[in-house]
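Inspection log for the structure reproduced underneath, given as structure tokens.
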Amino acid sequence: MFSFFSSKKTSSSSSTGALAGATEIDGLPLSTDPCTSCADPCADGHAALPASLARKIEEGPLLHTMKPHARHLFVCAGSGSSWPEKIEPEALSAAKRRSPSDPPTLTGALLGTAFNHRRHAGSGLGSPPATMISAIDRDPSPESASDLVEDVVACVQSEVVLMPEFVVVRSLRGEDAPKLLDAWPGSLSAAGDPAAAADKLKAVGLDAVPAAEDAIVFVCNHTKRDKRCGVAGPLLIDEFRTVIAEMGLEDKVKVHGVSHIGGHKYAGNVIVYAKSLGAPGASVSRGVWYGRVKTCHVQPIVKATILEGKVFGELLRGASGGAHSQKAW
């Protein structure tokens with residue numbers, strides 16, 4: 001995870017205790033029991049973490065352990081097994097080392113621009129939304145293989161995905177990073193209408209299009225950062241893709257591995273953006289963060305969260321766009 005926000009943690013109580021008797025949390029309706037009472041090991045044969053890693057998954061409160069932010073940018077480059085342990089310092093260092101005659105590296109330019117936004121906000125020159133920047137791996141479909149960008153640190157151009165707008169910016173160049181981050185706050189007013197959000201970015205010369213999917217799932221699989229997510233992530237990604245295919249949702253739901261988002265001790269870590277998660281009366285998508293997700297939870301998450309817009313309190317770390325999501329900078 002690369003992000004620019006305060007590291008101050010929000011106090012919380014036990015997720016299940018805090019939600020006892022509740023029917024919703026932060027404006028999202030609650031569902032119950034995402035297979036939390038099943039046998040251990042799972043009697044249905046779901047893949048599980050080795051016992052040596054499972055012992056390192058921390059118990060305790062999950063609610064409000066999500067990193068606060070208002071918007072999330074995903075750079076399509078590299079993979080969970082190839083990303084360096086800490087992408088942010090390496091990307092910023094690569095940006096500083098480049099020759100003036102070389103094109104700007106994309107990730108370094110995005111991070112540098114976000115840092116400048118943070119500095120300006122601190123000096124009273126405006127307060128852009130709190131931004132998270134993460135790497136995601138590429139969809140493994142054959143038609144995307146030719147577009148694969150291998151190195152998230154060195155790449156000068158790649159596709160980026162913008163949430164909560166459900167917008168894809170194709171072939172974004174490092175030199176256009178300031179243009180994107182300067183224009184992006186204006187597109188937030190169109191969240192819930194991806195076409196309108198894309199049009200706002202097209203107006204400043206960016207190749208922006210609405211994402212085709214109704215939901216996108218991001219699963220932390222950042223191997224070099226922490227082995228817990230490095231092992232749990234691929235298991236969950238495989239299970240999500242299997243369930244999505246079995247339910248005939250391949251054209252509506254996409255799954256990506258994502259770099260460190262914080263909280264490896266809560267592996268598996270999953271972020272779900274789904275258009276079904278909009279606030280009542282407004283189709284503004286929100287990102288639901290789940291922790292301690294197991295493969296047996298995947299089908300209930302697809303059915304309840306992606307298709308019905310309900311969340312599981314037992315797994316909930318937080319939701320972007322809610323009361324605790326924008327306390328940043």
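- For the pair I237 and G257, the tightest heavy-atom approach, listed with the atom from each and the gap, is CD1-CA, 3.7 Å.
- Residues L92 and L73 are members of one and the same hydrophobic cluster, defined by side-chain heavy-atom contacts under 4.5 angstrom among Ile, Leu, Val, Met, Phe, Trp and Tyr.
- Residue T295 comes nearest to A47 through the heavy atom pair OG1-O, 2.5 Å, listed as atom of the first residue, atom of the second, then distance.
- Contact detail for A267 and C229: the closest heavy-atom pair is CB-SG, 3.7 Å.
- In this structure, S31 contributes its side chain and F312 its backbone to no donor-acceptor pair below 3.5 Å.
- Annotation for K86 and R225: closest pair CG-NH1, 4.1 Å, computed over non-hydrogen atoms.
- The CG atom of L236 sits 10.0 Å away from atom CG of N221, with the distance rounded to the nearest 0.5 Å.
- One hydrophobic cluster, built from ILVMFWY side chains closer than 4.5 Å, cannot hold both L235 and I244; they sit in different ones.
- Cation-pi contact between R71 and W184: present, with separation from the ring centre below 6.0 Å and deviation from the ring axis of at most 45°.
- In this model, a donor atom of one side chain and an acceptor atom of the other lie less than 3.5 Å apart for H72 and S134.
- Applying the salt bridge (charged side-chain N to carboxylate O under 4.0 Å, His left out) test to every pair with at least one member in residues 227-240, sequence neighbours left out, gives these pairs: D226-R228.
- For the residue pair R317 and N269, a side-chain donor N or O sits within less than 3.5 Å of a side-chain acceptor on the partner.
- Distance check, rounded to the nearest 0.5 Å: CZ of R97 to OG1 of T105 gives 9.0 Å.
- Side chain of D151 to main chain of A154: a donor-acceptor pair is present (N/O by atom type, distance under 3.5 Å, no hydrogens or angles).
- Of all heavy-atom pairs between S82 and E150, the closest is OG-O, 4.2 Å.
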Derivation and outcome, side-chain contact (heavy atoms from CB on, under 4.5 Å), residues V311 and V288: CA-CA 8 Å; V311 298; V288 168; 3.6 Å; yes
Trace of the side-chain contact (heavy atoms from CB on, under 4.5 Å) decision for L172 with Q157: CA-CA 5 Å; L172 181 71; Q157 176 175 299; over 6 Å; no
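- For the atom pair CG of L180 and CZ of R173, the computed distance is 12.5 Å after rounding to the nearest 0.5 Å.
- Remark: side-chain polar atoms of S99 are paired, donor with acceptor, to backbone N or O of S101 under 3.5 angstrom.
- Among residues at least two apart or in separate chains, side chain to side chain donor-acceptor pair (under 3.5 Å) pairs with a member in residues 202-220 are R170-D207, E213-K254.
- The local environment of NZ in K252 is sparse, with at most 12 non-hydrogen atoms from other residues, nucleotides or ligands closer than 6.0 Å.
- Distance CZ/F240 to NE2/H256: 13.0 Å, rounded to 0.5 Å.
- Between Y273 and F166, the two ring planes are perpendicular [angle over 60°; tilted spans 30° to 60°].
- For the atom pair CG of L49 and CZ of R55, the computed distance is 11.5 Å after rounding to the nearest 0.5 Å.
- Note: the hydrophobic cluster containing I57 does not contain L316 (ILVMFWY, side chain heavy atoms under 4.5 Å, direct or indirect links).
- Ring to ring, H69 and W289 are close: their centroids are under 6.0 angstrom apart.
- The backbone N or O of A77 lies less than 3.5 Å from no partner atom in the side chain of S158, so there is not a single donor-acceptor pair.
- Here the SG atom belonging to C220 is positioned 4.5 Å from the NE2 atom belonging to H264, to the nearest 0.5 angstrom.
- Residues A208 and V167 come closest through the heavy atom pair CB-CG1, 4.0 Å.
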Candidate pair V217 and I271, rule side-chain contact (heavy atoms from CB on, under 4.5 Å), full reasoning: CA-CA 6 Å; V217 180; I271 305 174; over 6 Å; no
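- Counted within 6.0 Å of CG on D251, heavy atoms from surrounding residues, nucleotides or ligands total 12 or fewer; the atom is thus considered open.
- Criterion: ILVMFWY side-chain heavy atoms under 4.5 Å apart, direct or through other members. Under it, V156 and V169 are not part of a common hydrophobic cluster.
- By the criterion of side-chain heavy atoms lying less than 4.5 angstrom apart, applied directly or through intervening Ile, Leu, Val, Met, Phe, Trp or Tyr residues, L53 is not grouped with V293; the two fall into different hydrophobic clusters.
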